Protein chains: 2
Amino acid sequence: MTDPLRPGATIGILGGGQLGRMLSVAAARLGFKTCIFEPQGDCPASHVSNFHYQADYSDTDALTAFAQACDVVTFEFENIPTDALDVIEAITPIHPNRKALATSQDRLLEKNFLTRIGLKTAPFSAVKTASDLQSAIDRIGTPAILKTRTLGYDGKGQARLHSDDDAEAALAAMNGAPAVLEGFIDFSHEISVIGTRAADGAISCFDPGENLHRNGILHSTTVPARLSPAQRTDAVLLTANILNALEYVGTMGVELFVTGSGLIVNEIAPRVHNSGHWTQAGCTIDQFEQHIRAIAGWPLGDGSRHSNVVMENLIGADIDRVPEIAKTNAALHLYGKADAKPGRKMGHTNTVTGPAK
Amino acid sequence: MTDPLRPGATIGILGGGQLGRMLSVAAARLGFKTCIFEPQGDCPASHVSNFHYQADYSDTDALTAFAQACDVVTFEFENIPTDALDVIEAITPIHPNRKALATSQDRLLEKNFLTRIGLKTAPFSAVKTASDLQSAIDRIGTPAILKTRTLGYDGKGQARLHSDDDAEAALAAMNGAPAVLEGFIDFSHEISVIGTRAADGAISCFDPGENLHRNGILHSTTVPARLSPAQRTDAVLLTANILNALEYVGTMGVELFVTGSGLIVNEIAPRVHNSGHWTQAGCTIDQFEQHIRAIAGWPLGDGSRHSNVVMENLIGADIDRVPEIAKTNAALHLYGKADAKPGRKMGHTNTVTGPAK
C-alpha cells in the first residue's frame with residue numbers, strides 16, 4: 001500500500017465476532033465502509049457493518065467477490081485457512097501480513113521467532129510422538145503443559161502434566177496434532193502490551209495492562225499494571241522489537257509474564273486483543289481505531305492514557321447481571337450474541353477508577 | 001414503557017444522518033439491534049445499523065412494517081411529519097414524546113412553553129401579516145430577526161431586520177409561512193446544556209459547553225464553558241425544569257445565551273445535539289448512549305466529565321483537511337457522506353486539551 005486510503009474506501013474484515021464488530025465501528029468512525037466475511041448469519045460484526053458476505057472460507061467465488069469489494073483486508077482471528085488468504089491476497093492487500101499470521105498461528109514457529117530476536121519464552125520443545133514427549137519432559141521437567149501447535153485458544157487444545165505419569169493422557173488429548181511442551185514459569189503476574197505499527201514504521205504502544213484469568217479465559221485487565229519503570233520500558237521496547245521484526249502493520253497483543261528475572265513472552269496475537277478493550281475508556285484513540293489507522297496507511301492517533309481503568313469480561317451467564325451493571329458507573333459493551341453459552345464472551349465492562357496515575 | 005428493553009431488542013431511528021449514525025453505534029454497544037427509517041439510500045446511519053427501511057415518510061406500509069420491527073422508536077431530527085408519527089405511535093412507543101416534539105417543532109409554541117415555566121427568552125411576537133410585523137417591530141424594536149415558526153435550522157428560514165426598512169423583504173423571505181419576530185439579545189457568549197431524563201424521571205446533565213457559530217452553523221464547542229459556579233448551576237437546573245415539564249425521556253440540547261442579567265434560552269432541540277459531540281471524548285458515557293439508555297428504560301450512565309475538550313465541526317470542504325488532522329492528537333469522526341457540499345456537516349473532531357478542571 002502506498003497512498004493512505006481515503007474516507008469512503010472499504011475495509012474488509014475476516015471474522016464477524018466481537019473484535020470484528022468493534023473494528024467495524026472504528027472504521028466507520030473514520031468514514032470507511034466495512035465488509036465482513038463470516039460464515040455465520042446474524043453475527044456480531046454484521047450488525048454494524050455495510051456488507052456481510054455470509055459464506056464458507058472454502059468458497060472461492062465468495063472470497064473473490066469479497067476481496068474485489070475491499071480496498072484492504074484485515075482479520076479478527078488468526079486461524080484463517082491459508083487457501084482463503086491466497087485467494088484474497090491475489091486481489092487486495094492483507095494487513096497484518098502473512099508472515100505475522102503464519103508465525104502466530106503456530107506455537108513452535110512463534111517461540112522460535114521470539115527466541116531468534118532475543119526475547120525470553122518459557123522453555124519449549126516440539127512434540128509429535130511419545131518419544132519426543134519423553135525427551136521434552138526429560139529436558140524441561142514437570143509440571144509442564146502440552147499444547148497443540150495450531151488452533152488453540154482460551155485454554156483449548158491444552159493438557160497439563162503434573163508428573164511423567166500424565167504424559168500418555170496428555171499426548172492422547174492432542175488427537176495426533178503436532179504439539180509443543182512448555183515448561184511452567186514462576187511468574188508473579190501477567191501483563192499485556194497492545195502495540196500498533198503504522199505502514200511507515202511508526203509505533204505506538206498503549207500502557208501495559210495487568211491480566212487475570214479464570215478457567216483459562218481472560219477475566220479482567222487493570223491499568224496501570226504493577227510494574228517498575230524499568231519493566232514498563234522493557235515491555236514496550238520488546239513489543240516494538242516484535243512489531244519491527246515482523247514488519248507488522250496493525251495492532252498486536254503481546255502477553256508477558258512478569259518474573260524476578262525479567263519479562264517472559266507468553267504469546268503474541270496478530271490482532272486487536274481482549275486485554276486491550278480497556279483502551280475504549282482509558283484513551284482518546286482505542287486499539288481498534290489504531291488498527292484501522294495502521295491498515296489504512298494513516299498516521300496513528302493519540303493512544304496516551306487519561307484514566308485508570310478496570311476491564312472485566314462478561315462470560316456466559318454473566319450477561320444476566322447486565323441490569324445490575326447498568327446501574328453502576330461502568331461502561332457496558334455487549335456483543336449482540338443471541339445465546340449465552342457457558343464460556344462464551346458476551347460483552348465486557350470498562351470501569352474508570354480515576355485519572356491516569 | 002414499563003420494563004427495560006433487553007439486549008437483543010430493536011431500536012428504531014427516524015432519520016439516517018450523522019446523529020442517527022452515532023445513536024446506532026451507541027445502541028449496538030448496549031447489545032441492541034437498530035433499524036433506520038430514511039428515504040435516502042447509502043445514508044450515514046445505514047452503514048452501522050442492522051436494518052434500513054428506505055422509504056418516504058408518506059409510505060404508510062413502510063412505516064407500519066418499520067414500527068412493527070421496532071420495540072421503541074426515536075428520531076434524530078424534529079421535523080417529522082405528524083401523520084408518520086401517528087402511524088408509528090399506534091404500533092410502538094416513541095421517545096421523546098409527541099409533546100416535546102410538537103413544542104420544539106414550532107418556535108412560537110416553544111417560546112410560549114418556556115415563558116410559561118418561568119424561563120427567560122428573547123422578546124418575541126407572532127407574525128403572519130405585514131401589520132403583525134409592524135406591531136411586533138413597534139414593541140420589540142430593531143435590530144431583530146424574523147424566523148419561520150417551523151422547519152428552520154442552521155440559519156435557514158431566517159431574515160434579519162436592521163431597521164424598519166427591512167420589514168417588507170424579511171416578510172417576503174418567509175414565503176407566506178407563519179413566523180416569529182425575535183428581539184436581539186445582548187449576550188457575551190452562547191452555551192448549551194445536554195441533558196437526559198430517564199423513564200423513571202432521573203435526570204443527568206453533561207457539563208455545559210461553550211458554542212461558537214460561523215455563518216449560522218455551529219463551528220465549535222469548548223468545555224468547560226466560561227461560567228460562574230452560579231451560572232453553571234442555573235444552566236443545569238433550568239434544563240432539568242424543561243425536561244420535567246415536558247415529561248421528556250431521552251437526551252435534549254438546550255442552547256442558552258449568557259447575559260449580564262442571567263441565562264436566556266435560545267432554543268431547545270428534542271434530540272442529541274451537535275454541541276454535545278464533545279461528550280464522546282470527555283466522558284465515559286456520551287450523549288448518544290445516555291439517549292439510548294433513557295429510551296430503552298435503562299438507568300442513565302456516568303456522564304461526568306474527565307477531560308477538557310474542544311469539538312470542531314468539519315463543514316463542506318473542511319473534509320479535505322482530514323489527512324492533516326489525522327496527524328494531530330484530535331479524535332476524528334467522519335460521517336460517511338459521499339459529497340462534500342458547502343455547508344454540509346461532514347464530520348467533527350474532538351481534541352482533549354487536558355484533564356477536567
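None of these values were measured; they are calculated from a predicted model. The chains referred to below are lettered A, B, ... by the order of the sequence lines, with proteins before strands, and numbering in each begins at 1. Hydrogens, waters and symmetry mates are skipped; everything else that's a heavy atom, side chains included, is used.
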* Of the backbone (N, CA, C, O) and the side chain (C-beta and beyond), which part of B:Leu332 lies under 4.5 Å from a heavy atom of chain A, both, or neither? -> both
* Based on non-hydrogen pairs under 4.5 Å, which of A:Gly336, A:Ser307, A:Ser49, A:Gly8 is most in contact with chain B? -> A:Ser49
* Rounded to the nearest 0.5 Å, what's the gap from CG on B:Asn50 to CG on A:Asp42? Could you check? => 7.5 Å
* Looking at CG of A:Leu300 and NZ of B:Lys327, how far apart are the two atoms once the value is rounded to the nearest 0.5 Å? -> 13.5 Å
* Has the side chain of A:Arg29 got a donor or acceptor atom that lies under 3.5 Å from a matching backbone atom of B:Tyr335? -> no
* Structure fact -> Cut-off 4.5 Å, heavy atoms of chain A, and the answer for B:Ala330 is backbone
* **B:His47 versus chain A, the contacting section by heavy-atom distance below 4.5 Å** => both
* Which bit of B:Ala338 is near chain A, if near means a heavy-atom gap under 4.5 Å: side chain, backbone, both or neither? -> neither
* Asked: Considering all heavy atoms of both residues, which atom of A:Thr284 and which atom of B:Ala331 are nearest to each other, and what is their separation?
  -> CG2-CB, 3.7 Å
* Asked: At a heavy-atom separation under 4.5 Å, does B:Arg21 approach chain A through its side chain, its backbone, both, or neither?
  -> side chain
* Asked: If you look at every heavy atom in B:Val322 and A:Pro7, which pair is closest and at what distance?
  -> CG1-CG, 4.4 Å
* chain B heavy atoms under 4.5 Å from A:Leu30: which part of the residue, side chain, backbone, both or neither? -> both
* Asked: Heavy-atom distance under 4.5 Å to chain B: side chain of A:His333, backbone, both or neither?
  -> both
